[in-house]
Amino acid sequence: MGKLTPDQIVNYFDVHVPYRLGIFLIHYRMTRPNAWSGSNDMLNACFVASLVTTRMFLNTLGIGKKDGKLVQFDPQPTDVCVDDLGGELVDITKIPSADHDLIMGFLKMADQAAAHFTIPIDHKWERTHDVVLLVHQYLKVHLYERTGRAIVNVLG
């Protein structure tokens with residue numbers, strides 16, 4: 001804690017975090033029954049935006065990857081993490097094994113399927129929403145509840 005002034009923290013909660021939460025949740029919300037009847041191009045764009053934003057939130061929560069394992073994210077000096085906002089970083093050692101595998105698979109997919117062109121590999125894209133719901137829960141517990149705030153409902 002200490003990177004941000006109290007006014008900047010308020011601004012993050014008022015502007016930056018809600019903006020990114022909207023991007024983070026859009027594909028999940030659009031794929032609920034009877035929620036979207038628009039073009040697949042827009043749905044695909046929302047999927048990629050959700051991948052990138054979910055990856056960003058994992059890093060913000062302190063979760064990174066290296067050599068095929070989850071590790072504590074090593075932020076750059078300008079990165080803002082949940083502890084900079086008054087929250088608590090996720091303890092990597094307390095992530096259950098099943099969640100560890102889910103997050104690792106997601107991070108690999110987000111890196112290789114969204115952030116870079118790579119050779120074809122099998123991605124479990126259908127598990128993406130499981131990760132979105134898990135990250136939403138981590139944000140609720142490690143950021144919003146720790147700072148006495150209410151997070152936006154997953155379903156809107």
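Computed over heavy atoms, backbone and side chain alike; hydrogens, waters and symmetry mates excluded.
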Take T78 and K3 through the side chain to side chain contact (heavy atoms under 4.5 Å, CB included) test and state the conclusion after the steps.
CA-CA 9 Å; T78 57; K3 279 186 191 178; over 6 Å; no
Quick one: does L61's side chain get under 4.5 Å of Y138's, heavy atoms only?
yes
Is V71 linked to I92 within one hydrophobic cluster, defined over Ile, Leu, Val, Met, Phe, Trp and Tyr using a side-chain heavy-atom separation of less than 4.5 Å?
no
Tightest non-hydrogen contact, residues R20 and M56, listed as CD-CE, 3.4 Å
Can we call the ring centroids of F13 and Y144 under 6.0 Å apart?
yes
Give every donor-acceptor pair under 3.5 Å between a side-chain atom in residues 93-102 and any protein atom, sequence neighbours left out.
unit_1	atom_1	unit_2	atom_2	d
T93	OG1	D91	OD1	2.6
T93	OG1	D91	OD2	3.3
H100	NE2	L70	N	3.4

Are side-chain heavy atoms of H16 and N11 found at a separation under 4.5 Å?
yes
List for me each residue that meets ring pair (Phe, Tyr, Trp, His ring centres under 6.0 Å) alongside H129, sequence neighbours excluded, and say none if there are none.
H27, Y28
With a 4.5 Å cut-off on side-chain heavy atoms, are M42 and W36 touching?
yes
Compare every heavy atom of V132 with every heavy atom of L25, then report the nearest pair and how far apart it is.
CD2-CG1, 3.9 Å
Side-chain touch L21/I151, heavy atoms, less than 4.5 angstrom:
yes
Verify, without hydrogens or angle tests, whether T53 (side chain) and I23 (backbone) share a donor-acceptor contact under 3.5 angstrom.
no
Indicate if F73 and V80 have the same hydrophobic cluster label, given that clusters are the connected sets of ILVMFWY residues with side-chain heavy-atom separations under 4.5 angstrom.
no
Check whether Q72 reaches the backbone of G62 with its side chain - one donor and one acceptor, N or O, closer than 3.5 Å.
yes
Please give me the minimum heavy-atom distance between L51 and A110, naming the atom from each residue.
O-CB, 4.3 Å
Under 4.5 Å between any side-chain heavy atoms of F47 and I26, yes or no?
no
What's the separation between atom OG1 in T60 and atom CG in L85, rounded to the nearest 0.5 Å?
8.5 Å
With Y19 via ring pair (Phe, Tyr, Trp, His ring centres under 6.0 Å) - residues at least two apart:
none
Stepwise salt bridge (charged side-chain N to carboxylate O under 4.0 Å, His left out) test for D111 and K108:
CA-CA 5 Å; D111 286 350; K108 183 177 179 181; over 6 Å; no
Side-chain contact, heavy-atom cut-off 4.5 Å: L43 with T31?
yes
Checking the side chain of N40 only, and the main-chain atoms of N44 only, is there a donor and an acceptor separated by less than 3.5 Å?
no
Side-chain donor or acceptor of R29 paired with backbone N/O of V154 under 3.5 Å
yes
Where is the tightest heavy-atom contact between F57 and V135, given as atom of each residue plus distance?
CB-CG1, 3.8 Å
With a 4.5 Å cut-off on side-chain heavy atoms, are F106 and L58 touching?
yes
Do I103 and I63 have side chains that approach each other closer than 4.5 Å (heavy atoms only, starting at C-beta)?
yes
How close do V141 and R146 get, heavy atom to heavy atom, and via which atoms?
O-CG, 3.3 Å
Donor-acceptor pair, distance only, cut-off 3.5 Å: does the side chain of K140 make one with the backbone of V152?
no
Closest non-hydrogen atoms of K65 and M104, given as atom of the first, atom of the second and distance, are CD-CE, 3.6 Å
